[in-house]
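Scroll down for the structure; my scribbles are underneath it.
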Protein chains: 2
Amino acid sequence: MAPAETRRRILEVAFRLFHEQGYHATGIATILREANVNSGSLYHFFSSKEDLLVGVLEYALEELDPQVMARVRERTADPIERIFALLDQYRSMMVFFGCRMGCPMGNLALEVADDLPEARRLIHQNFVNWTRHIKGWLDEAADRLPARLDREQLANFVLTVMEGGIMQSRASGDLAPYDDSVAQFRNYFDSLLTLADIESGRPIGTNRVPVFASEDAK
Amino acid sequence: MAPAETRRRILEVAFRLFHEQGYHATGIATILREANVNSGSLYHFFSSKEDLLVGVLEYALEELDPQVMARVRERTADPIERIFALLDQYRSMMVFFGCRMGCPMGNLALEVADDLPEARRLIHQNFVNWTRHIKGWLDEAADRLPARLDREQLANFVLTVMEGGIMQSRASGDLAPYDDSVAQFRNYFDSLLTLADIESGRPIGTNRVPVFASEDAK
DNA sequence: CAGCCACTTGATTGATCGATCAAATATGGT
DNA sequence: ACCATATTTGATCGATCAATCAAGTGGCTG
């Protein structure tokens with residue numbers, strides 16, 4: 001077998017198992033079996049289980065754009081709709097897994113952040129990486145948004161809504177809480193767009209009208 | 001020692017350790033040591049570690065109102081401000097623990113929901129219990145909110161914001177993401193209050209004006 | 001006082017945990 | 001071809017895991 005390919009195979013299997021079962025619940029033996037690797041090989045590339053986790057988190061950092069964000073860019077052109085397309089993509093994942101597993105980064109954040117400082121730093125980096133894409137899309141649509149809006153804060157809020165919604169849907173075993181969270185966020189977003197319309201003298205509804213204001217806007 | 005007190009002591013210690021370290025990372029031996037109990041006693045009350053977790057979740061279900069919600073009710077009278085007082089109470093907890101540990105229920109939701117069906121059900125019940133309080137406060141303030149607002153959906157959204165914000169703050173080791181999430185939610189909430197003012201013919205700003213609309217409202 | 005049952009003691013189980021290491025093999029450079 | 005280094009093999013380690021159980025203690029009831 002190719003040498004450099006082994007390391008990548010270990011990372012992919014470990015990433016998947018950490019996602020499926022969590023960090024502590026995943027034994028080294030399981031990783032070895034599913035990756036068809038002996039323990040010596042794994043410990044040749046990674047000095048410990050914690051070091052393996054660090055490798056996985058660096059791997060995730062590299063794969064976010066090609067594996068996740070690229071698909072959104074292909075499918076959706078409008079920067080604002082890209083945000084909701086991304087939220088819908090996570091929804092599809094939840095459908096595929098039957099409301100299980102959730103967000104791999106969110107899971108690790110709550111499981112290991114306190115005890116593994118290096119892992120915590122990289123999880124944070126992954127979140128920053130994620131929200132940077134959102135922030136970029138918000139910047140692209142800056143002229144459609146209120147001038148005083150803190151777009152970075154709003155970008156973080158998108159992640160908050162996504163993670164909070166997924167958590168509730170995993171707990172309930174139902175997509176409704178996730179859908180409801182996105183619906184509330186959509187409503188908030190539409191109110192921002194409407195405000196920007198007023199601000200810049202455009203006719204209200206140039207962008208989109210929040211559901212609670214639709215009567216007044218007519 | 002009093003007999004029935006042992007069970008409660010085990011539950012309290014287990015709840016604290018699950019919160020501090022997580023479910024899988026907490027060994028039975030640690031629980032026994034910190035609760036000053038022998039293994040036989042623990043297994044007299046709980047048939048397995050999973051059964052102990054179920055006990056902890058039922059215990060949490062009982063303690064939410066007296067330990068968490070009661071303080072909010074005492075401190076704050078206005079139903080809407082109670083929501084933000086609750087969010088501020090979780091903030092205080094994060095300050096106290098230095099952005100560690102987070103929400104005990106949220107942690108368990110992401111760690112065990114997939115593998116322990118009974119635990120998942122009870123975690124869901126805890127979330128339902130939490131949001132029912134919020135829903136109650138929103139209903140109290142129904143006349144200040146838009147008529148078409150789905151108050152249950154909004155109540156779930158409060159939990160979404162809280163959990164998503166805490167996750168990000170644990171990952172970053174900083175309270176800013178949590179504060180930012182609450183700030184964005186406050187802004188959304190204020191826009192709802194303003195909309196209700198318009199809807200019912202009250203002067204705008206009777207309740208509160210969102211930061212992005214303050215210029216227009218004058 | 002007798003007897004029952006709830007509760008406690010604490011040593012011990014087999015399984016699994018993460019990790020080690022000497023030996024064998026493969027690879028790449030000269 | 002040869003050496004040095006990179007990688008793989010797989011048995012094995014002590015520690016820790018959740019869980020068991022026979023023996024004991026203490027309190028309550030009849």
Side-chain angles (χ1 to χ4, degrees), chain A residues 1-59 107-108 111-112 114-120 122, chain B residues 1-57 59 107-108 111-112 114-120:
Chain A
M1 300 180 189
E5 194 240 20
T6 304
R7 197 185 121 97
R8 162 169 277 258
R9 196 170 65 251
I10 293 172
L11 287 175
E12 280 170 356
V13 168
F15 179 85
R16 178 172 56 81
L17 290 172
F18 289 164
H19 188 195
E20 287 175 7
Q21 315 178 346
Y23 176 73
H24 286 106
T26 300
I28 298 284
T30 310
I31 299 174
L32 299 175
R33 191 185 334 114
E34 304 222 1
N36 277 310
V37 168
N38 292 92
S39 63
S41 288
L42 189 148
Y43 282 97
H44 171 74
F45 293 105
F46 308 99
S47 64
S48 66
K49 191 185 180 184
E50 177 175 353
D51 189 49
L52 171 60
L53 175 62
V54 167
V56 165
L57 293 170
E58 287 166 345
Y59 174 72
N107 299 349
L108 291 171
E111 193 183 355
V112 306
D114 292 351
D115 300 306
L116 312 179
E118 181 68 4
R120 186 205 59 73
L122 280 162
Chain B
M1 300 181 188
E5 194 241 18
T6 303
R7 198 185 120 97
R8 162 168 277 258
R9 196 169 66 251
I10 293 172
L11 287 175
E12 280 170 357
V13 168
F15 179 85
R16 178 172 56 82
L17 289 173
F18 290 164
H19 188 196
E20 285 175 7
Q21 316 179 345
Y23 175 72
H24 287 106
T26 300
I28 299 284
T30 310
I31 299 174
L32 299 176
R33 191 185 332 113
E34 304 222 3
N36 277 310
V37 167
N38 292 93
S39 62
S41 288
L42 190 148
Y43 283 97
H44 171 74
F45 294 106
F46 307 100
S47 63
S48 66
K49 191 185 181 185
E50 178 175 351
D51 189 48
L52 170 60
L53 175 61
V54 167
V56 165
L57 293 170
Y59 173 72
N107 299 349
L108 291 171
E111 193 183 354
V112 307
D114 291 352
D115 301 305
L116 312 179
E118 181 67 6
R120 186 205 58 74

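Throughout, a chain's letter reflects where its sequence line sits, starting with A, and its residues are numbered from 1.
Atom C1' of nucleotide dC17(C) and atom CD1 of Ile31(A) are separated by 12 Å, given to the nearest angstrom. Rounded to an integer number of Å, the gap from NE2 of His44(A) to P of dG10(D) is 17 Å. Between the CZ atom of Arg7(B) and the P atom of dT8(C) there is a distance of 12 Å, given to the nearest Å. In this structure, CG of Asn38(B) is placed 13 Å from C1' of dT25(D), rounded to the nearest angstrom. Atom CG of Leu53(B) and atom C1' of dA19(D) are 17 Å apart (whole Å). Here dT16(D) presents its P atom at 17 Å from CD1 of Ile28(A), a figure rounded to the nearest Å. Put simply, CZ on Phe46(B) is 15 Å from P on dA18(D), counting in whole angstrom units. Rounded to whole Å, atom P of dT8(C) lies 12 Å from atom CG of Leu32(B).
Not a single donor-acceptor pair under 3.5 Å links the side chain of Glu111(B) to the backbone N or O of Gly22(B). One N or O on the side chain of Thr26(A) and one on the backbone of Leu17(A) form a donor-acceptor pair closer than 3.5 Å. Checking side-chain atoms of Lys49(B) against main-chain N and O of Tyr23(B) turns up a donor-acceptor pair under 3.5 Å.
In this structure, of dT8(D), dA19(C), dT8(C), it is dT8(C) that holds the atom nearest to the side chain of Ser41(B). Closest to the side chain of Lys49(A), from the set dA19(C), dA19(D), dT8(D), is dA19(C).
Taking only distance into account, the side chain of Ser39(A) meets the base of dA11(D) through a donor-acceptor pair shorter than 3.5 Å.
Between Thr26(A) and Gly40(A), the residue anchored closer to the 5' end of DNA chain C is Thr26(A), taking for each the nucleotide with the nearest heavy atom. Heavy-atom distances to DNA chain C give each of Ser48(A) and Leu42(B) a nearest nucleotide, and the one nearer the 5′ end belongs to Leu42(B).
OP1 or OP2 of dA19(C) has at least one side-chain nitrogen or oxygen of Tyr43(A) nearer than 4.0 Å. Residue Thr6(B) places at least one side-chain N or O under 4.0 Å from the OP1 or OP2 atom of dT8(C).
Within 4.0 Å of Gly27(B), counting heavy atoms only, lie sugar-phosphate atoms of the nucleic acid but no base atom.
Rounded to the nearest 0.5 Å, atoms CG (Asn38(B)) and CZ (Arg33(B)) are 13.0 Å apart.
A salt bridge between Glu20(A) and Arg16(A) is present, with a side-chain N of the basic residue lying under 4.0 Å from a carboxylate O of the acidic one.
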